[in-house]
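The chains referred to below are lettered A, B, ... by the order of the sequence lines, with proteins before strands, and numbering in each begins at 1. Quick note: numbers below take in every heavy atom, side chains included, and nothing from hydrogens, waters or symmetry partners.
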Amino acid sequence: MTADRPLTPAFFARPVLAVATDLLGTVVRHRTEEGTVAVRLTEVEAYDGESDPGSHAFRGPTPRNAVMYGRAGHVYVYFTYGMHWCMNLVCGPVGEASAVLLRAGEVVEGAGLATLRRPTARSPRELARGPARLTTALGVDGRHGGADATDPAGSLTVLRAPARRGTRPAAEVCSGPRVGVAGAGAATPWRFWLAGEPSVSAYRAAVSRRRTTGR
DNA sequence: CGGCCGATCCACT
DNA sequence: GTGGATCGGCCGA
């Protein structure tokens with residue numbers, strides 16, 4: 001029996017690196033009329049406010065990143081590559097613009113619905129393997145921007161990690177460079193994942209694409 | 001399973 | 001105008 005308790009605003013108000021590592025193993029749940037899908041997080045990335053060259057807030061506030069400057073525990077979603085949504089959880093004090101990108105997880109509830117939303121998945125572990133795949137499996141998109149993920153009455157909620165059974169030790173947390181972040185921000189090892197999890201996304205170095213449209 | 005590469009459109013310069 | 005905090009189709013191993 002899971003506790004089903006949401007994480008608190010205080011959990012997210014801490015420094016972003018602490019939040020990022022502690023988020024591993026917690027569960028993101030989205031309830032809709034179609035049903036419920038829940039994902040246990042296995043991979044995240046930290047983005048550290050305006051001082052972080054890899055962050056969407058690096059150049060200061062804009063309409064798109066406004067939510068990042070707001071209250072901890074709220075949802076920042078952005079649209080990228082013309083077709084994908086990615087989901088972040090805002091961290092730190094109001095005004096700081098730190099956030100954690102949810103990169104991958106294991107579907108622990110609603111695998112049937114998740115498969116309908118992700119028909120191209122070649123195996124269950126691919127359902128939420130990657131940041132845009134995770135949001136698709138959950139049914140999260142731009143409508144969830146600014147939502148409070150600590151609200152127990154909300155449809156989109158982050159829940160405490162399920163209680164560990166027996167004496168199984170806590171999973172090891174690994175870290176490495178962030179995926180798809182180029183330039184100065186590439187050096188910081190602010191991608192975190194749980195060792196041995198098959199849902200952790202494959203590492204791809206940041207690449208700059210040239211003239212993909214041949215006109 | 002993994003490498004290659006085009007898709008597609010929005011935010012910002 | 002430029003280039004993404006990405007993914008899927010296709011193909012080969």
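One can find a donor-acceptor pair under 3.5 Å joining the base of B:dG2 and the side-chain atoms of A:Arg122.
In this structure, A:Leu7 is a member of the same hydrophobic cluster as A:Met87, with clusters built from ILVMFWY side-chain heavy atoms closer than 4.5 Å. Residues A:Val16 and A:Tyr76 are members of separate hydrophobic clusters, defined by side-chain heavy-atom contacts under 4.5 angstrom among Ile, Leu, Val, Met, Phe, Trp and Tyr. There is a path of hydrophobic side-chain contacts, each under 4.5 Å, that joins A:Val75 to A:Val158. Residues A:Leu17 and A:Val100 share a hydrophobic cluster, clusters being chains of Ile/Leu/Val/Met/Phe/Trp/Tyr side chains in contact below 4.5 Å.
In this structure, A:Trp85 atom CH2 and C:dT6 atom P are separated by 15 Å, rounded to whole Å. In this structure, A:Arg117 atom CZ and C:dG8 atom P are separated by 15 Å, rounded to whole Å. Going from atom CE of A:Met87 over to atom C1' of C:dC7 covers 19 Å, rounded to whole Å. If you take CG of A:Asp141 and P of C:dC7, they are 16 Å apart, rounded to a whole angstrom. Rounded to an integer number of Å, the gap from CD of A:Glu126 to C1' of C:dC7 is 11 Å. We find that CG of A:Leu134 is positioned 17 Å from P of C:dA5, with the value rounded to whole Å. At whole-Å resolution of the value, NE2 in A:His84 and C1' in C:dG4 are 11 Å apart.
Residue A:Arg191 has no polar side-chain atom (N or O) positioned under 4.0 Å from OP1 or OP2 of C:dA5. In this structure, A:Arg129 does not reach the C:dC7 phosphate: none of its side-chain N or O atoms is under 4.0 Å from OP1 or OP2.
Out of C:dA5, B:dT13, C:dT6, the shortest distance to the side chain of A:Asn88 is found at C:dA5. Comparing B:dT13, C:dA5, C:dG8 by their nearest atom to the side chain of A:Val181 picks out C:dA5.
Residue-environment remark: CZ (A:Arg71) stays at or below the threshold of 12 foreign heavy atoms within 6.0 Å.
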Open item on the list: Determine whether A:Thr135 and A:Val77 satisfy the following criterion, side chain to side chain contact (heavy atoms under 4.5 Å, CB included), listing intermediate values before the conclusion.
Closed with: CA-CA 9 Å; A:Thr135 59; A:Val77 286; 5.6 Å; no
TODO: Could you give me the CA-CA distance, side-chain angles and deciding distance for A:Thr157 and A:Asp151, then say whether side chain to side chain contact (heavy atoms under 4.5 Å, CB included) is met?
DONE: CA-CA 7 Å; A:Thr157 315; A:Asp151 179 2; over 6 Å; no
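Residue-level contact check: A:Gly54 touches the bases, meaning some heavy atom is under 4.0 Å from a base atom.
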Please tabulate, for the side chains in residues 187-194 of chain A, all donor-acceptor contacts under 3.5 angstrom to protein atoms that are two or more places apart in sequence or on a different chain.
| unit_1 | atom_1 | unit_2 | atom_2 | d |
| --- | --- | --- | --- | --- |
| A:Thr188 | OG1 | A:Arg178 | NH2 | 3.3 |
| A:Thr188 | OG1 | A:Gly185 | O | 3.0 |
| A:Arg191 | NE | A:Glu43 | OE2 | 2.6 |
| A:Arg191 | NH2 | A:Glu43 | OE2 | 3.0 |
| A:Arg191 | NH2 | A:Ser201 | O | 2.9 |

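In DNA chain C, runs of at least 3 consecutive Watson-Crick or G-U pairs, each pair with both distances below 3.5 Å, span B:1-7 with C:6-12, B:9-12 with C:1-4.
In summary, the side chains of A:Glu34 and A:Thr32 do not present any donor paired with an acceptor at a separation below 3.5 Å, with no hydrogens or angles considered.
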Polar atom pairs between nucleotides 9-11 of chain B and protein, under 3.5 Å, N or O only, would you list them?
none

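Where stacking is scored as ring centres under 5.5 Å apart with planes under 30°, A:Tyr47 registers as stacked on the base of C:dA5.
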